[in-house]
Every structure is written in C-alpha cells, then in structure tokens.
Amino acid sequence: MRQTLTNDPVVSAPPAAAHPAGGVRHLLRHLGEMALAMVAGMVLLGPLWTVAGAPLGLTATLARPDVAALTMATDMAVGMTAWMRYRRHSWAASGEMAAAMYLPFLLLLGPYWAGSLGADALLLGGHLLMIPAMVLVAVRHRHAAPVPVRRHPAVVALARRWPTLLALLITVNLWAEPDVPSPWLMLVLPGLYLVIGAARRRLRGPGGLGRQLVGLAAWSALVLVAVVVDGRTAAWLVAAGWLAHAGWDLLHHRRDEVVPRAYAEGCGVFDAVVGVTVVLAILTG
C-alpha cells in the first residue's frame, strides 16, 4: 500500500482533539467565520448585480427592497456555502445555512407586500432574524464530523493568501472610483504598528520602539507637508506615503517583526492598492 500522500489533493479530517466537536469555542469560531463569509459575499458579489443589471435595464428592479433583500440573501448564501465547503462541512449543513439566509426575508415579504411592513423594517428585520437562524443551524450540526473535500492545489494556495484576498476584497471599490483620501489618515498606518507591537510586547526586539517612532515621525512630517501644500502636490505626497508604507509592511513581513505576518501581508496589499488608486485619481482627475 502506498504510504506517501504529500501530493494527494484529498485533505483528511483533522483529529477530533484539534477541534472538539460541540465545543463552545468551536461553535463561536464557526459562527464568526460564517459572518465574515456573509460579509465577503455581499462585498464581492453585490457590485456584480449593478454591473450586470445596468445593460439589461434592471437597475430600478434591483433597487426594489424586496428584490434587494433576495439578492443580498443570494450573495450571503454563496459566500457562506463556499467557505463551509472549504472547511469540510457537509452539503446538508451548507444547504441549511444557505436557507437561513433566505427564510427570514421570505417570512417578512408577505407583510411587506401587504403594506404592513416598511422597506427598512424588511431589510433590518431580515438581517436580525438571520442571527438565531444561523445559530440554530450551527448548533444542529455541532457534532458533525468534517467530511473529506477534494481541493485543487490552486484553491489551497489561494486560501493560504487570505490576508491578500481580504485586502483586495476591502479595496475593490477603489478601482471603480479612485479617490485621494485625507492626508491625516496616513497617521493611522504607523500608529497601528505601535499599538499592535505594544499589545504583542514586540517593541523591545529588532525593529522595535526606536524604528517605529522614527516611522511615526517620518509619516507625521509627510502629513504636515501635504496639509500645508494642498492641491495636486499634496495628492502625490499622499500616494507616496501609502506606497512607502506598503514597503514598510513588506520589510516587517519578511523579518516577522512587531506585527503578525498575516497583518503585514494584508496591510501591505491594502496600502499598495490605496497608493496606486490615488495615482490613478490624480492622473484621471
């Protein structure tokens, strides 16, 4: 019998001790992942409805509260189903979680069409009712063992780059509408390094407090100059500041200093996208 399984794309279920079935921490983690997958589905798929609907003359239809509720439910269901399958949940559990996205809206559509429920109440009520529906499904399947899922190597490689994917997801709107953010936002960049580094007690080692204070001083000076000069020059300084911080992130990622490497990766991609889109806003403005 062949013993080497390093190239086998089928990933077996982890030991029971690694993720205790039914544990409160495991349940909360699962619900947290579902919430993030739900938001990711809306952020990623939401703009596609607008892009696809405009040429077909469906803009007004998609803007109707009842249609918008069902499209949001679809976005969330797609995001959560994809993630649940990646996390080796069964099709039955994935289907029930997807149904938990639709059922609250379906229950409220009748009163909405009858005129006894407003548009805001429909959307808000549907989202609120999703919470107990999600919890019910998660508790129902809390003892279910993970099932083997055949993952393509490309999918595994992309999953390992989740900070990059998350950063791209957050900044997808910047490519459609490039803009120049306020120079003051650049102070957040070195400030977060100090806060995270202090929380992790990593400011005493290499790349510690001294380097972070130098970085804070440098970006503070850049902000002050951008505020004083204003106009196009200020916009170029803002672009330079964000792109420079992307390099700062890369340095800390390679050296694994101060902040977690996942944060440095995601922050670096985010900063690079902001810097590039600021340049686009300047050139097309």
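These numbers come from a predicted model, not from an experiment.
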Should Ile170 and Val43 count as side-chain neighbours, where that means a heavy-atom distance under 4.5 Å?
-> no
Going hydrophobic residue to hydrophobic residue with side-chain gaps under 4.5 angstrom, can you get from Leu189 over to Ile196?
-> yes
What heavy-atom pair brings Ala35 and Met134 nearest, and what distance separates the two atoms?
-> N-CE, 4.2 Å
Steps toward side-chain contact (heavy atoms from CB on, under 4.5 Å) verdict (Leu194, Leu209) = CA-CA 8 Å; Leu194 281 169; Leu209 183 60; 4.0 Å; yes
How about Asp179 and Leu174: do any of their side-chain heavy atoms sit closer than 4.5 Å?
-> no
Please answer: with hydrophobic residues joined when any side-chain heavy atoms are less than 4.5 Å apart, are Trp242 and Leu166 in the same cluster?
-> yes
Quick one: does Val269's side chain get under 4.5 Å of Arg161's, heavy atoms only?
-> no
Spell out, yes or no, whether Val225 and Trp236 are grouped together once hydrophobic residues are joined by side-chain heavy atoms under 4.5 Å, including indirect joins.
-> yes
Point-to-point distance, once rounded to the nearest 0.5 Å, from CD of Glu257 to CD of Gln212 = 8.5 Å
Whether His252 side chain and Trp248 backbone form a donor-acceptor pair below 3.5 Å = yes
Is Tyr193 close to His245 at the side-chain level, that is, under 4.5 Å between some pair of heavy atoms?
-> yes
Value rounded to 0.5 Å, distance of CE in Met186 from CG in Leu237 | 7.0 Å
pair Thr59-Thr50: side-chain heavy atoms closer than 4.5 Å = no
Do any N or O atoms from the side chain of Trp219 and from the backbone of Gly241 form a donor-acceptor pair under 3.5 angstrom?
-> yes
Side chains of Leu192 and Tyr263: does their closest heavy-atom pair fall under 4.5 Å?
-> yes
Taken to the nearest 0.5 Å, the spacing of Leu28 CG from Arg25 CZ works out to 9.5 Å
Sidechain-backbone polar pair: Arg64 side chain, Ala68 backbone, donor-acceptor under 3.5 Å = no
Mark yes or no for whether Arg261, through its side chain, and His253, through its backbone, hold a donor-acceptor pair below 3.5 Å.
-> yes
For Ala246 and Ala272, the nearest pair of non-hydrogen atoms, with its separation, is CB-N, 3.9 Å
May I ask you to check whether over 12 heavy atoms, not counting those of Trp175, lie within 6.0 Å of atom CH2?
-> yes
Atom pair CG (Asp249) and CD (Glu265), whose distance is rounded to the nearest 0.5 Å | 10.5 Å
Do any N or O atoms from the side chain of Thr277 and from the backbone of Pro178 form a donor-acceptor pair under 3.5 angstrom?
-> no
Taking the inter-plane angle between the rings of His89 and His30 on a 0 to 90° scale, is it parallel (under 30°), tilted (30 to 60°) or perpendicular (over 60°)?
-> tilted
Atom pair CG/CG of Leu117 and Leu124 - distance to nearest 0.5 Å = 10.0 Å
For Ser94 and Thr81, work out which heavy atoms get closest and say how close.
-> O-OG1, 4.1 Å
Residues Ser220 and Leu216: closest non-hydrogen pair is OG-O, 2.6 Å
If you round to the nearest 0.5 Å, how far is CE of Met130 from OH of Tyr102?
-> 9.5 Å
Can you tell if the side chain of Met72 reaches within under 4.5 Å of the side chain of Leu123, non-hydrogen atoms only?
-> yes
Run the numbers on Met97 and His141 for side-chain contact (heavy atoms from CB on, under 4.5 Å), then give the verdict.
-> CA-CA 10 Å; Met97 191 65 80; His141 292 276; over 6 Å; no
Side-chain heavy-atom pair Leu106, Leu70 within 4.5 angstrom cut-off | yes
Would Leu107 and Leu103 count as a side-chain contact (heavy atoms from CB on, under 4.5 Å) if you check the C-alpha gap in whole Å, the side-chain angles of each, and the deciding distance to 0.1 Å?
-> CA-CA 6 Å; Leu107 291 175; Leu103 185 58; 4.2 Å; yes
Evaluation steps, side-chain contact (heavy atoms from CB on, under 4.5 Å), between Leu108 and Leu129 | CA-CA 10 Å; Leu108 297 177; Leu129 289 176; 4.2 Å; yes
Report whether Leu251 and Leu243 are members of the same hydrophobic cluster (ILVMFWY, side-chain heavy atoms less than 4.5 Å apart, transitive linking).
-> no
If every non-hydrogen atom of Gly275 is compared with every non-hydrogen atom of Ala239, which pair is closest and at what distance?
-> O-CB, 4.0 Å
Would you kindly confirm whether Met76 and Trp49 end up in one hydrophobic cluster when ILVMFWY residues are joined by side chain heavy atoms under 4.5 Å apart?
-> no
For the student: nearest non-hydrogen atoms of Phe105 and Gly126, plus distance | CE2-CA, 3.6 Å
